[in-house]
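Not measured: the values here are computed from a predicted model. Here, residue 1 is the first one in the sequence, and each next residue gets the next number.
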Amino acid sequence: MAALRIQTSAGPPELRRRNLASNPVHVGLDLVGFSSWMLPVGDHWCAGSAAVTSHGVGYVGAGRKNCHRACLKNGVVCSFDDSGVRVSMLCSSLPSEDVSFSSKMSLVNSTGFAQKKKGSKVWRRSQGGKKLVRHRAPKHGLGKDRHGHRSSVKDDDTDAVLSGISKESSIEECNSALIRLEKLSDEKALKFFEWMKVSGKLKGNTHAYHLALKAIAWKEDWKMAELLLHEMVADSDCALDARAFNGLIYVCAKRRLDAWATKWFHMMLEREVQPNLSTVGMLMGLYQKTGKLSEAEFTFEKMRNCNIKCVNAYSAMITLYTRLGLFAKSEDTINLMNNDGLVPNMENWLVRLNVYCQQGKMEEAELVLQSIVDEGFTLNVIAYNTLITGYGKSSDMQKANKVFDSFGSAGLAPDETTYRSMVEGFGRANIYEETILYYRKLKGAGFRPNASNFYTMINLLARHDDNETAAEILQDMRAAGCQCSSIVTFLVRAYGAVGRMHKVLPILQSCFDKILLDATSCSILVTSLVQNSLLEEALYILREKKWKDSAFEDNLYHILICSCKEGGNYNDAVRIYNQMPKSETHPNPRISCTMIDVFSTMERFADAETILLELKASASVLDMIAYSVIVRMYIKARRLKDACSVLAEMEKQKEIIPDKYLFLDMLRTYQKCGLLEKLADTYYWIRKSQVKCDEAMYNCIINCCGRAIPVDELSRIFDEMLQQGHLANTVTFNVLLDIYGKAGLFNRAEKDAGFPVSLEAYNCMLDAYGKAGRLEEFASVLQKMKRAKCKFDHYTYNIMINIYGRRGWIQDVSNVLAELKDRGVEPDLYSYNTLIKAYGIARMPEDAVKLMQEMRVKGISPDRVTYANLIAALQRNENFLEAVKWSLWMKQTGVAGCGART
């Protein structure tokens, strides 16, 4: 689905459930519509929202650093601030009871309120059971905002703090002043810290260093932080502990600086400092937000090695795996948590529920739901929404509807996520009327559809050919601030997929003028029309467009022409080219070359040459692609002399190096013209250019250059071709036999006049007769070789092994192998490759594996052909597991992909 770009007006963001936690270091569910957490941060307890349970509350605050710890006592959340004053919050709840799945949906979230007198903070649950709302005056510490940035500080404030401080003051008095200054201003805190150093107040003063490190962290002066850590140990005799690093990690987590957070954590481990619960909580929350899987896995492993029990770390790990679609690992982490003996909190239960719902595993999801209720937690809107998502993914919309209907009995009100999930579920199930119904309920409840809803609706309406409702959805998309290009993309994909592309323009009438003003929208629409053979509509849009961008326009026309060419619609390509605005002095070389190719394919060579002349008359410089197209045009027109002239012109430009396809055209052109010298030059050019030769290239070189290069060089290239695992075609064999025959090689062998016989010629004959199945001639050539007392080489024996092996004649293969060893010649790599293939054909996979082991003993490294033959042998004999093992081993050893043949 294309990204939907939505423009929103400036102003405060709409409060939504998915934004419950404002702190970037929270560890919470990665669910649409939910984000909650509770974790200790930087040795202070830090929290972000609340989840009401049957017997208590998972307390979640607003990330305040001055709340040291929190606990649940007798149904009351108790927290302690810096001054040690206990702060409580009461939430009433329903008693725990065993319920069936049908009654789970009717559980009602408790409502109530509690007032915390200190600071005049009031907590109460809003109507509908959606969320806990805390009403208080903003307070983030004197002189700081909620992101840790400093606000303006008056000199009077700092003067008041320092008024009673002197060199005679105690370390405790100095630390108290430093704490107050750190809340007011990092700069002033650090200046006072330097005064403490000069005054001898830092010896063994670990707490002062912790405060200074945090102040330096807010300035992101990481070099200074590293120096301060060193000074803390070397000069002040302080011991490094987790709190020293947690202050640094806390700032990194707040600002999503995952690379620096990772660095501090690794430094912590290198200095053998034991991380604590805060360290793990901050890091895992940060990695969840930034999607750093490998770093999260490393931290998670260290947490378990250090025996740190952090439930939220498990939640973060599960969430990361779920977000990446690694559901098996998500489930493994759940099992790991159970084995480690940790008790899930509400957030963790919801994370688990999400894992199964995202996969559509609703039996497992219902078991998790039962556990949530059994543990005394009250189901909230998030749990209901997650269930709806799961039933939607499993296409069980009847149960999804039941969950939706149970909101009222549970005392809850559906939120935007609820409606969106219902639209997605019914849309995925292709239930037309219900999808429309819930889409309108979504809007009627005052919520806006999101990009996914729009995409679902457009696809549904395209399938059901409802143009009227599609126009309504289009208006909603525009009202939501969707860009024209996104709207067009949605429509052309949906209607093009069901073969109704011709319905797009009438639907777009309401915003057609805006489309004509936007180059991107025009290009998307026109390209889709051309691809769906709606050329008249495309040409109309190209004529009526209102935007001006010559470079973009040239690219668009080139794309359209290429699209027609690839689809074989050459007449359409010509019509588009004829309508395109052209420059007589600066034609577009890419478009010109494409049209030369199009006209050549249509055999309209006069039109092609006209474009070529215009191109040459301009200031354009021809590149390798242009020369390739021009040569191909003259070859198709059977004007080989002109093709040779163009090639000669190209060769004068030393900076142009042909690719494989142009080299092939050059070889064929020179062969047809009988230019042996040019063929030889081109052959050696190919060798110098290091163009990678494939089977077609090898065959073409032998066929075209066989008579232009020495016989020894021809034999060498033929041997190289076979060693690379490529097959020679019939024409290649005929060329080789003709060349060797005309060279008189066979006559000397048959007359046995004492002249040395070419072993390469006999090997070629053996291979040709063997692969052609002419075994009598094969045997006759062998007899001639023996009478001529030819000394067989590896190539000869390999040919014999290959031919016998193909027919499954293992006894003959064994005889050849024995003869090879009797002559003191050891099998080479090609021999082993051929033998492995032969044993596979003969259904002797065990012997093939033994050969692989023998190769290792002799120090012969297998190549891709070796592995390919061994895997094929195992598969042929239904040893599929063994074949998979060897395939995996091949990948681990770094051998290139297999598939070549001996």
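When side chains are defined from C-beta on, Y495 counts as touching N467, because their heavy atoms get closer than 4.5 Å. Annotation: side chain of V504 is not in contact with side chain of V488 (no heavy-atom distance under 4.5 Å). Looking only at side-chain heavy atoms (C-beta outward), C564 and Y570 stay at 4.5 Å or farther from each other. Inter-residue side-chain proximity for L539 and I576 is flagged as met; some heavy-atom pair is nearer than 4.5 Å. Side-chain contact between S563 and T527 is absent, with no heavy-atom pair separated by less than 4.5 Å. Residues E603 and K636 form no side-chain contact, since every pair of their non-hydrogen atoms from C-beta on lies 4.5 Å or further apart. For the pair E695/L727, a side-chain contact is recorded, criterion being any heavy-atom separation below 4.5 Å from C-beta on. In this structure the side chain of L474 never reaches within 4.5 angstrom of the side chain of F490, judged on heavy atoms.
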**Asked** Between F454 and S486, is a side chain to side chain contact (heavy atoms under 4.5 Å, CB included) present by the stated rule, with each step listed?
**Response** CA-CA 11 Å; F454 288 137; S486 298; over 6 Å; no
**Message:** Could you go through I702 and M721, starting from their C-alpha distance and side-chain angles, then the distance that decides it, and tell me whether this counts as side chain to side chain contact (heavy atoms under 4.5 Å, CB included)?
**Reply:** CA-CA 10 Å; I702 294 172; M721 173 186 180; 4.0 Å; yes
**Request:** In sequence, state the C-alpha distance, the side-chain angles, and the governing distance for F718 and R716, and then conclude on side chain to side chain contact (heavy atoms under 4.5 Å, CB included).
**Result:** CA-CA 5 Å; F718 181 59; R716 193 193 68 77; over 6 Å; no
**Asked** So T732 and N729, side chain to side chain donor-acceptor pair (under 3.5 Å) or not? Walk me through it.
**Response** CA-CA 5 Å; T732 301; N729 57 34; 2.7 Å; yes
**Worked verdict on Y577 versus T594 for side chain to side chain contact (heavy atoms under 4.5 Å, CB included)** = CA-CA 10 Å; Y577 176 73; T594 304; over 6 Å; no
**Asked** Given the rule in the salt bridge (charged side-chain N to carboxylate O under 4.0 Å, His left out) test, do K616 and E609 qualify, once you have shown the distances and angles that lead to the verdict?
**Response** CA-CA 10 Å; K616 286 184 174 181; E609 197 162 17; over 6 Å; no
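Put simply, the side chain of D719 never gets that close to the backbone of S715: no donor and acceptor are under 3.5 Å apart. Between the side chain of Q359 and the main chain of F327, no donor-acceptor pair closer than 3.5 Å is present. The backbone N or O of L662 sits nowhere less than 3.5 Å from a side-chain atom of R632 that would complete a donor-acceptor pair. Using a distance-only test at 3.5 Å, with no hydrogens or angles considered, a donor-acceptor pair links the side chain of Q509 to the main chain of L505. For T435 (side chain) and I431 (main-chain N/O), a donor-acceptor pair under 3.5 Å exists by modelled atom type. At distances below 3.5 Å, at least one donor-acceptor pair connects side-chain atoms of S394 with backbone N or O atoms of Y391. Not a single donor-acceptor pair under 3.5 Å links the side chain of N699 to the backbone N or O of A696.
Here the CZ-CG distance, from R448 to L442, works out to 11.5 Å after rounding to the nearest 0.5 Å. Taking CD1 of I591 as the start and CD1 of I596 as the end, the distance is 12.0 Å to the nearest 0.5 Å. Rounded to the nearest 0.5 angstrom, E651 CD and W685 CH2 are separated by 5.0 Å. Note that CG of D549 is 10.5 Å distant from OG of S523, once rounded to the nearest 0.5 Å. With values rounded to the nearest 0.5 angstrom, D659 atom CG is found 15.5 Å from K692 atom NZ. The distance from atom NZ of K514 to atom OG of S521, rounded to the nearest 0.5 Å, is 11.0 Å.
Around atom OH of Y684, more than 12 heavy atoms belonging to other residues, nucleotides or ligands sit under 6.0 Å away. In the displayed structure, I657 atom CD1 is contacted under 6.0 Å by at most 12 heavy atoms of other residues, nucleotides or ligands. Around atom CG of N571, no more than 12 heavy atoms belonging to other residues, nucleotides or ligands sit under 6.0 Å away. Other residues, nucleotides and ligands contribute more than 12 heavy atoms inside 6.0 Å of the CD1 atom of I717. For F552, the CZ atom sits in a packed shell: over 12 heavy atoms of surrounding residues, nucleotides or ligands are nearer than 6.0 Å.
Between the side chains of D476 and Y439, at least one donor N or O sits under 3.5 Å from an acceptor N or O. Side-chain atoms of T610 and D607 include no donor-acceptor pair closer than 3.5 Å. In summary, the side chains of R668 and N703 do not present any donor paired with an acceptor at a separation below 3.5 Å, with no hydrogens or angles considered. In the model, H502 has no side-chain atom that pairs as donor or acceptor with a side-chain atom of N532 under 3.5 Å.
Salt bridge absent: E434 and K441 never bring a charged side-chain N and a carboxylate O closer than 4.0 Å. The residues E614 and K582 are annotated as not salt-bridged, no charged nitrogen and carboxylate oxygen being separated by less than 4.0 angstrom. For D465 and K503, the salt-bridge test passes: some basic side-chain N is under 4.0 Å from an acidic carboxylate O. Ion pair R420/E424 not flagged as a salt bridge, since none of the NZ, NE, NH1 or NH2 atoms sits closer than 4.0 Å to an Asp/Glu carboxylate oxygen.
Note that K443 lies outside the cation-pi zone of Y419, set by a 6.0 Å cut-off to the ring centre and a 45° limit from the axis.
In this structure, M595 and I611 approach most closely via the heavy-atom pair CB-CD1, 3.6 Å. Heavy-atom minimum distance, M397 versus A429: CG-CB, 4.2 Å. Residues C644 and L675 approach most closely at SG-CD1, 4.0 Å, considering heavy atoms. Of all non-hydrogen atoms in A708 and A680, the two that sit nearest each other are O-CB, 3.7 Å. Nearest heavy-atom pair, L508 versus I487, reported as atom, atom and distance to 0.1 Å: CD2-CG2, 4.3 Å. Closest heavy-atom contact between I507 and A470: CD1-CB, 4.0 Å.
Using cut-offs of 30° and 60° on the angle between ring planes, the pair Y438 and F426 is parallel. Taking the six-membered ring where tryptophan is involved, the planes of Y698 and H726 are tilted, since the angle between them lies from 30° to 60°.
With sequence neighbours left out, the side chain to side chain donor-acceptor pair (under 3.5 Å) criterion links Q653 to Y627.
Here the options are L612, D665, L647, the test is side chain to side chain contact (heavy atoms under 4.5 Å, CB included), and the partner is Y634; only L612 passes.
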